[in-house]
Amino acid sequence: MERDTKRPKLCPMGTITKLTVKDIRFPTSLEAHGSDAMHKDPDYSAAYVIVESDGSEHKGHGLTFTVGRGTDIVVLAVQTLSRLVVGKQLADIYGNFATFWRELTSETQLRWIGPEKGVIHLATAAVVNALWDLWAKIECKPLWKLLADMSPEELVSTIDFRYM
């Protein structure tokens, strides 16, 4: 069987089986750490995503930073996006990461609340960061090395050039 020339040669096999999101908060508001004129009581926070697959014992970790109660909304957005991730083949995601990004940011009902801005963008970032981390771990490389080892065509296939 011939390899699809559009897919990166570094294309792991398997299926995403689980996506977990954790709400992690730091009580920085107690002593006004990180406060400014607009944010009087920030609790620095993160929506922390863990992605698992049946093709590897590795887990991918990604996060996006928020402030306090905003994390509630980002966590719900990640949970909503998870239905677009769990069950996907790794080869389909990593074979054309740009297409996968577009699937996440162009979901017809969620794009009404910000396909590439706001809460959906923050949630997408956490998910995609976890997927990049998983790919690098599967390849036993730091992420920079995974990227450096890609051909120009492979690297370009990871970018959505829709607005350029």
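Numbers here simply count residues along the sequence, with the first being 1. Note that the structure is predicted; figures quoted are calculated from it, not measured.
- Contact between S45 and G68 at its shortest, heavy atoms only, is OG-N, 3.0 Å.
- To the nearest 0.5 angstrom, T20 atom OG1 is 5.5 Å from I50 atom CD1.
- Under the side-chain contact (heavy atoms from CB on, under 4.5 Å) criterion, T99 pairs with N96, E103, not counting sequence neighbours.
- By the side-chain contact (heavy atoms from CB on, under 4.5 Å) test, L143 pairs with W132, A136, L146, L147, sequence neighbours left out.
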- Item | Worked check of side chain to side chain contact (heavy atoms under 4.5 Å, CB included) between T80 and L110 | CA-CA 9 Å; T80 302; L110 296 177; 3.8 Å; yes
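- Taking both residues in full, the closest heavy atoms of A47 and V74 are given as CB-CG1, 3.7 Å, listed atom of the first, atom of the second, then distance.
- Within the 4.5 Å cutoff, side-chain heavy atoms of I93 are placed close to those of L131.
- Between F100 and V85, the shortest heavy-atom distance links the atoms CZ-CG2, 3.9 Å.
- Under the rule for a side-chain contact (heavy atoms from CB on, under 4.5 Å), the partners of R83 that lie at least two apart in sequence or sit in another chain are E107.
- For the residue pair T17 and E52, no side-chain donor N or O sits within less than 3.5 Å of a side-chain acceptor on the partner.
- Judged by distance alone, with hydrogens and angles left aside, the side-chain atoms of Y94 form no donor-acceptor pair with the main-chain N or O of Q89 at under 3.5 Å.
- In this structure, N129 contributes its side chain and A125 its backbone to a donor-acceptor pair below 3.5 Å.
- Using a 4.5 Å heavy-atom cutoff, the side chains of L134 and L90 are in contact.
- A continuous path of Ile, Leu, Val, Met, Phe, Trp and Tyr side chains, each step under 4.5 Å between heavy atoms, connects W135 with L84, placing both in one hydrophobic cluster.
- Tracing side-chain contacts under 4.5 Å through hydrophobic residues (I, L, V, M, F, W, Y), one never reaches V119 starting from V67; they form parts of separate clusters.
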- Message: Under the criterion salt bridge (charged side-chain N to carboxylate O under 4.0 Å, His left out), I'd like the reasoning laid out for D72 against R25: C-alpha separation, chi angles, the key distance, then a yes or no.
- Response: CA-CA 11 Å; D72 296 338; R25 300 188 192 197; 2.4 Å; yes
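- Closest approach of L81 to L104, counting heavy atoms only: CD2-O, 3.9 Å.
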- Query: When you look at V78 and L19, which way does the side chain to side chain contact (heavy atoms under 4.5 Å, CB included) test go after all the steps?
  - Reply: CA-CA 9 Å; V78 169; L19 187 153; 3.7 Å; yes
- Item | Stepwise side chain to side chain contact (heavy atoms under 4.5 Å, CB included) check, V86 with V51 | CA-CA 9 Å; V86 175; V51 175; over 6 Å; no
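- Under the side-chain contact (heavy atoms from CB on, under 4.5 Å) criterion, D160 pairs with A98, W101, R102, E116, R162, sequence neighbours left out.
- Among residues two or more places apart in sequence or in another chain, the salt bridge (charged side-chain N to carboxylate O under 4.0 Å, His left out) test is passed with K18 by none.
- Across all non-hydrogen atoms, the minimal contact from L122 to F65 is CD2-O, 4.1 Å.
- The minimum heavy-atom distance between D54 and G14, with the atom names listed, is OD1-CA, 3.3 Å.
- Put simply, F26 and V75 are part of two different groups of oily side chains (I, L, V, M, F, W, Y) that touch within less than 4.5 Å, one to the next.
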- Message: Between K145 and D149, does the side chain to side chain contact (heavy atoms under 4.5 Å, CB included) criterion hold? Intermediate values first, please.
- Response: CA-CA 6 Å; K145 181 70 170 147; D149 287 347; 3.0 Å; yes
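- Listed by first and then second residue, the side chain to side chain donor-acceptor pair (under 3.5 Å) pairs that reach into residues 57-67 are H61-K137, T66-T71, sequence neighbours excluded.
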